[in-house]
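Presented below is the structure to which this report refers.
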Amino acid sequence: MKKVITYGTYDLFHEGHYRLLQRAKELGDYLIVGVTTEHFDEARGKVNVFDPIMKRIENVKKTGFADEIIVEDHDGQKVEDIQKYGVDIFTVGSDWTGHFDYLNQFCKVVYLERTPDISSTELRAGRYQIVRIGIIGTGRIAPRFLSEAKYVSGVNIDCAYNPEKDSAEAFSKKTELPVYSENFDEFLNEVDAVYIASPNETHYDYAKKAIESGKHVLSEKPLSFTKAGAESLYRLAEEHQVVLMEAVKTAYCPGFQQMINVAESGKIGKICDVEACFTRLANPNSREVKDAKYGGSFLEFGSYVMLPMIKLFGKEYEKIEVDSILDENGNDIYTKLTVRYKDGMATGKVGVGVKSEGNLIISGTKGYILAPSPWWLTKYFEVRYENPNDIEEFRPRFMGDGLRYEISEFVQKINGSESPSYKLTAGEAIAMAEITEKFMEKKLGYKADWK
Ligand code: CTP
């Protein structure tokens, strides 16, 4: 009996898939079809797969060509499967020509002519209009956003805005994007959504204007310096029926979600303490260091350390203390946040002028989670216990620099995904703004009069 194997995502099942499976079956007597999991696709950079795996399997089954369906969930599995199932022929479409030649040492490799003019990518794009995003602010993070957006289907970065003419022109030259620097309304007219990556003190106003013009908003942190400010923006977004998301990228990284789930699974018992640290020494000429009012370590990195606290202990706290080491201009080069919750405690440390170990430690009554730097991308974490030899290691998948995950979430929400935004809820973002307000009051010595 000649066994054939083929693999694919089979999203939005189409004629190209059907014809491939038909010909694959004709190559032998028994056809095995490997269908990829969401996690595996994410790892390969396909972050917008539409159909859940059960539906994709069901669609392959319906063709009647597959004698056996398996799930593909890790790199290196093809070699394993070929040996395990005693496969004679491996086949895929001609878009992969050459890519799987290495499998020739295990079985015959056949590339079948790809059916022209159809792909899941095109079908996904056709389902929804491409979301046109404009970037506000053309500083350090804008180019990263641009390159990460390429991995997310269904979006296009159309233009940018920066009121400073020189920066606008330089960015436009480098990226070949049109950059508006005078008329903000004109810029807004060109897009469906904005990504706000401008200086901290401008986030609120840009977000407000964009929402009022009916645009979806993904804003860099901090969205607002006050609880009332954040609340009013979320209220406004609801009124205008647009998506508002704060770009705390950690919240959208798959590994971070997994770590929170593991922490809450009971593995480490009852969670008692969260310690999070994020420091990055900044260039002395950078805005973080120079801008005593709106720069500094807390506004830069505070969201990262607040996130695991709020995720694990919730929005209500009993007591909060925030203290900083200031430089000669009054800017916080190091800030420590201590929070007492009813059932636990948490510490967050951030620095732009002080260096420390960037760990996240979640302590429980039975064990603890240790996520080393860069835990905010969560590529790796461990569960440890009393017995020092008893260590469980987790290596979640992570691609690029993490921004693609938040962009993907943003686009899915814009396209009306029905799943609620559990990754970072409006309530959680507002809770962060509340703590930020406490910090600002302390740093500047007066009650916040801004939004
Ligand atoms: N395939 C094909 N003809 C097409 C599209 C896909 O023969 N027009 C083949 C692929 O080469 C692969 C299998 O179908 O062997 C499953 O492909 P998959 O990646 O699931 O489909 P695509 O439409 O290529 O998906 P995407 O656009 O997301 O890459």
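In listed order, ligands and their atoms are each counted from 1.
Between Glu428 and Lys311, at least one side-chain nitrogen of the basic residue sits less than 4.0 Å from a carboxylate oxygen of the acidic one, meeting the salt-bridge criterion. Between Lys349 and Glu275, none of the side-chain N atoms (NZ, or NE/NH1/NH2) sits under 4.0 Å from a carboxylate O, so this pair counts as no salt bridge.
Tyr368 does not carry Arg384 over the face of its six-membered ring by the limits of under 6.0 Å from the centre and within 45° of the normal.
For ligand 1, the 4.0 Å heavy-atom shell takes in Gly8, Thr9, Tyr10, His14, Gly16, His17, Leu20, Lys46, Val92, Gly93, Asp95, Trp96, Arg114, Thr115, Ile118, Ser119, Ser120, Thr121, Arg124, ordered by chain and residue number.
There is no side-chain donor-acceptor pair under 3.5 Å between Glu113 and Tyr111.
Around the CD atom of Glu176, the shell of radius 6.0 Å holds no more than 12 heavy atoms that belong to other residues, nucleotides or ligands.
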Next item on the list: Go through His74 and Glu80 one step at a time and tell me if the side chain to side chain donor-acceptor pair (under 3.5 Å) criterion holds.
Entry: CA-CA 10 Å; His74 60 274; Glu80 252 168 62; 3.2 Å; yes
